[in-house]
Amino acid sequence: MLYDAAHLRTHGEDILDNIITFNKSRLQSLLLGNLEPQLQEEVQCSLETPRFRRVKRVEARRYISVYEKKATRDGTILEFAKLDYNILQAIYCDELKELTVWWKDFQSQTYLSFARDRMVELHFWMLGVVYEPYYSYSRIMMTKFIVFASLLDDLYDNYSTTMESNTFTMAMQRWDEQTTEQLPAYLKALFINILNTTNKIEEELKLMKNKHADLIKRLVIDTAKFYHAEVEWRDEHYIPTSVEEHLQISTHSSVCMQITNLALISLGDVTTREDVNWALTFPKIIRGACIVGRVGNDIVSHEREQTSEHVTSTVQTCMKEYGVTVEEANEKLRIIIEEAWMDIVEDCLEQKRPMVLLETAINVARTMDFMYKREDAYTLSFSLKDVITSIRLRCEGPVR
């Protein structure tokens, strides 16, 4: 579809901008007509998410069902597609079993009633970043990390006092179990379990001869520091003067850089130290992924967050900067998201890094877009039930 292809535009490509505007209007008008159900589904899918931005395994599962209904389908291709999907599905389920055992043990040693329990959803999130069968350890490692990020997010944002946040962050930076004496028991247990799990991951990577194993600890510590920076904003009731100022901090706490770098590290010798250091600088493609996640999250979470004290979102900042309503601010922020996708495409076209590394960052952006498309699907995880179920169900039925 030309509409899908036009979304591969970069800054200043007015012709493609006009194509998107025109085709969007035409596709929306077609939906009001009498399209065949299958074609209507494809049009709706394109309008909601252009092909380039779709999560690959979710799209693969969706399109198997679509292709199966085509009279002109190739039975052999369909059979191999189902076989491929079922093999990966079995691998994902084995990973989830291993992670469930680890998570139950972690929970038994740590007070976590303040936090969202989303281990299954987080594994689904990470398989959107690296889905190939040979990256099983990568998904397990990345899921453990993003579990920590979620716990830290809830801890800093909703539960700990300012003094506890300060002390906990200091302990994380020192990375020494002996520094936890001033922490309350629940924080001490959390810190020790994060420290032990992270150290174990580092040891496992070293056994695999991974040259970047020592960076795992830094990524965990940086995550705590970025969340702590937002606590200072919250306590001061500070509203940044511009969305750009807001994004200087809030893109860091979106953990997109950390997820991307973890994926790059797990690729082993494919990734050089220069590649890892490049990712740490928040280059255009990674910053773009961060903006897609941060701003998308703020748009769908704004109304819910008004019921409690929280860090000022990009929505509130945009309202203050331009003196506009929530709806008008959301429209301006959606433009920022579109510009972030242009940055992502530009970095891909320039190819200053191997495409396998750039593709990882794109996958992070795709998963962020998926999770915050209609609502905060991570916090309101019931909305993910059907898609997660479909990912873990075998593709059955005759194909010829």
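- Ring orientation note: the planes of Y111 and Y159 are tilted relative to one another, at an angle of 30° to 60°.
- Residues T312 and Q316 bring no donor and acceptor atom of their side chains to less than 3.5 Å of each other.
- We find the CZ-OH distance between R51 and Y63 to be 7.0 Å, quoted to the nearest 0.5 Å.
- In this structure, L78 and Y67 have side chains that are in contact, with non-hydrogen atoms separated by less than 4.5 Å.
- Side-chain contact of N23 with R26: a donor-acceptor pair under 3.5 Å is absent, judged by distance alone.
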Take M172 and V220, measure what side-chain contact (heavy atoms from CB on, under 4.5 Å) needs, and give me the verdict at the end.
CA-CA 8 Å; M172 290 289 289; V220 175; 3.7 Å; yes

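- L190 and F114 get closest at one heavy-atom pair: CD2-CZ, 4.4 Å.
- In terms of modelled atom types and a separation under 3.5 Å, the side chain of E321 and the main chain of V243 share a donor-acceptor contact.
- When atom types are taken as modelled, the side chain of N261 and the backbone of M257 share no donor-acceptor pair closer than 3.5 angstrom.
- Checked against the 6.0 Å centroid threshold, F106 and F148 count as a close aromatic pair.
- You'll find the side chain of E338 reaches within 4.5 Å of the side chain of R9, heavy atoms only.
- Here the side chain of H123 pairs no donor or acceptor atom with the backbone of M119 at under 3.5 angstrom.
- Taking the six-membered ring for Trp, Y227 and F168 have ring centres at least 6.0 Å apart.
- Rounding to the nearest 0.5 Å gives a distance of 9.5 Å between NE2 of H246 and CD1 of I239.
- Residue M141 is grouped with residue I259 when hydrophobic side chains (ILVMFWY) are merged at heavy-atom distances under 4.5 angstrom, including chains of intermediate members.
- In terms of hydrophobic clustering, with Ile, Leu, Val, Met, Phe, Trp and Tyr side chains grouped at heavy-atom distances under 4.5 Å, L31 and F22 are assigned to different clusters.
- The closest side-chain donor-acceptor pair between T325 and E328 falls under 3.5 angstrom.
- When only modelled atom types and interatomic distance are considered, Q109 and D105 share a side-chain donor-acceptor pair under 3.5 Å.
- The main-chain N or O of L183 is never found under 3.5 Å from a side-chain atom of T167 such that the two would form a donor-acceptor pair.
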Would you check, one step at a time, whether the test salt bridge (Lys or Arg N to Asp or Glu O under 4.0 Å) holds for E181 with K188?
CA-CA 8 Å; E181 296 307 318; K188 183 176 182 179; 3.6 Å; yes

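- Here the CZ atom belonging to F226 is positioned 4.5 Å from the CG atom belonging to D222, to the nearest 0.5 angstrom.
- Using a cut-off of 4.0 Å between Lys/Arg side-chain N and Asp/Glu carboxylate O, E274 and R353 are scored as salt-bridged.
- Between E59 and R62, at least one side-chain N (NZ, or NE/NH1/NH2) sits under 4.0 Å from a carboxylate O, which counts as a salt bridge.
- Side-chain polar atoms of T169 and Y156 form a donor-acceptor pair below 3.5 angstrom.
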Starting from the C-alpha separation in whole Å, work towards a yes-or-no answer on side-chain contact (heavy atoms from CB on, under 4.5 Å) for Y378 and S301.
CA-CA 11 Å; Y378 177 62; S301 303; over 6 Å; no

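- Here the shortest heavy-atom pairing between D154 and A115 reads OD2-CA, 3.4 Å.
- Between R57 and D84, the shortest heavy-atom distance links the atoms NH2-OD2, 3.3 Å.
- When the side-chain contact (heavy atoms from CB on, under 4.5 Å) test is applied to Q38, the partners found at least two apart in sequence or on another chain are V66, K69, K70.
- S46 is listed as a side-chain neighbour of R54, based on a closest heavy-atom distance under 4.5 Å.
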Check the pair R53, V292 against side-chain contact (heavy atoms from CB on, under 4.5 Å), reporting the backbone distance first and the verdict last.
CA-CA 11 Å; R53 303 180 188 179; V292 170; over 6 Å; no

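- In plain terms, the two heavy atoms of E95 and S136 that are nearest each other are OE2-OG, 2.7 Å.
- In this structure a side-chain-to-backbone donor-acceptor pair under 3.5 Å is missing from R287 to A340.
- Separating the CD1 atom in I221 from the OG1 atom in T198 is a distance of 8.5 Å, to the nearest 0.5 Å.
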Using the rule given for side chain to side chain donor-acceptor pair (under 3.5 Å), can you reason through T272 versus D275, listing the C-alpha separation, both sets of side-chain angles and the distance that settles it, and then say yes or no?
CA-CA 5 Å; T272 67; D275 294 326; 3.0 Å; yes

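- In this structure, the side-chain contact (heavy atoms from CB on, under 4.5 Å) partners of D343, at least two apart in sequence or on a different chain, are H11, K284, E346.
- Under the 3.5 Å distance criterion, the side-chain polar atoms of N297 are left unmatched by any main-chain donor or acceptor of G293.
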Do W125 and R118 pass the side-chain contact (heavy atoms from CB on, under 4.5 Å) test, and can you show the C-alpha distance, the side-chain angles, and the key distance before you say yes or no?
CA-CA 10 Å; W125 199 329; R118 300 288 189 273; over 6 Å; no

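- In the model, S65 has a side-chain atom that pairs as donor or acceptor with a side-chain atom of R61 under 3.5 Å.
- Side chain of S313 to main chain of V315: a donor-acceptor pair is present (N/O by atom type, distance under 3.5 Å, no hydrogens or angles).
- Taking hydrophobic clusters as Ile, Leu, Val, Met, Phe, Trp and Tyr residues chained together by side-chain heavy-atom distances below 4.5 Å, L349 shares a cluster with V356.
- Here the side chain of K373 pairs a donor or acceptor atom with the backbone of E48 at under 3.5 angstrom.
- Looking only at atom types and distance, the side chain of Q258 has a donor-acceptor partner in the side chain of T223 under 3.5 Å away.
- Taken from CE in M355 to CG in L357, the straight-line distance is 10.0 Å, to the nearest 0.5 Å.
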Yes or no on salt bridge (Lys or Arg N to Asp or Glu O under 4.0 Å) for R334 and E331, after CA distance, side-chain angles and deciding distance?
CA-CA 5 Å; R334 289 188 182 99; E331 286 305 310; 2.8 Å; yes

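- With hydrogens and angles disregarded, no donor-acceptor distance shorter than 3.5 Å links the side chain of T49 to the backbone of C45.
- Using a 3.5 Å distance cut-off with no hydrogens or angles, the side chains of S150 and D153 do not pair a donor with an acceptor.
- Side-chain heavy atoms closer than 4.5 Å link hydrophobic residues (I, L, V, M, F, W, Y) into clusters, and following such links, possibly through other members, connects M208 to L267.
- Hydrophobic clustering places Y134 together with L96 (ILVMFWY residues linked when any side-chain heavy atoms are closer than 4.5 Å, directly or through intermediates).
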Is there a salt bridge (Lys or Arg N to Asp or Glu O under 4.0 Å) between R139 and E98? Walk through the geometry before answering.
CA-CA 11 Å; R139 285 186 292 276; E98 180 177 336; over 6 Å; no

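- Annotation: side chain of L127 is not in contact with side chain of Y135 (no heavy-atom distance under 4.5 Å).
- Cation-pi geometry between R366 and F52 is satisfied (NZ or CZ under 6.0 Å from the ring centre, within 45° of the ring normal).
- Between L264 and A279, the shortest heavy-atom distance links the atoms CD1-CB, 4.0 Å.
- Here CG of L8 is found 9.0 Å from CG of L16. Values are rounded to the nearest 0.5 Å.
- Minimum heavy-atom separation, F282 to I286: CD2-CG2, 4.4 Å.
- Counting only distance, with no hydrogens or angles, the side chain of D298 and the backbone of V295 share no donor-acceptor pair below 3.5 Å.
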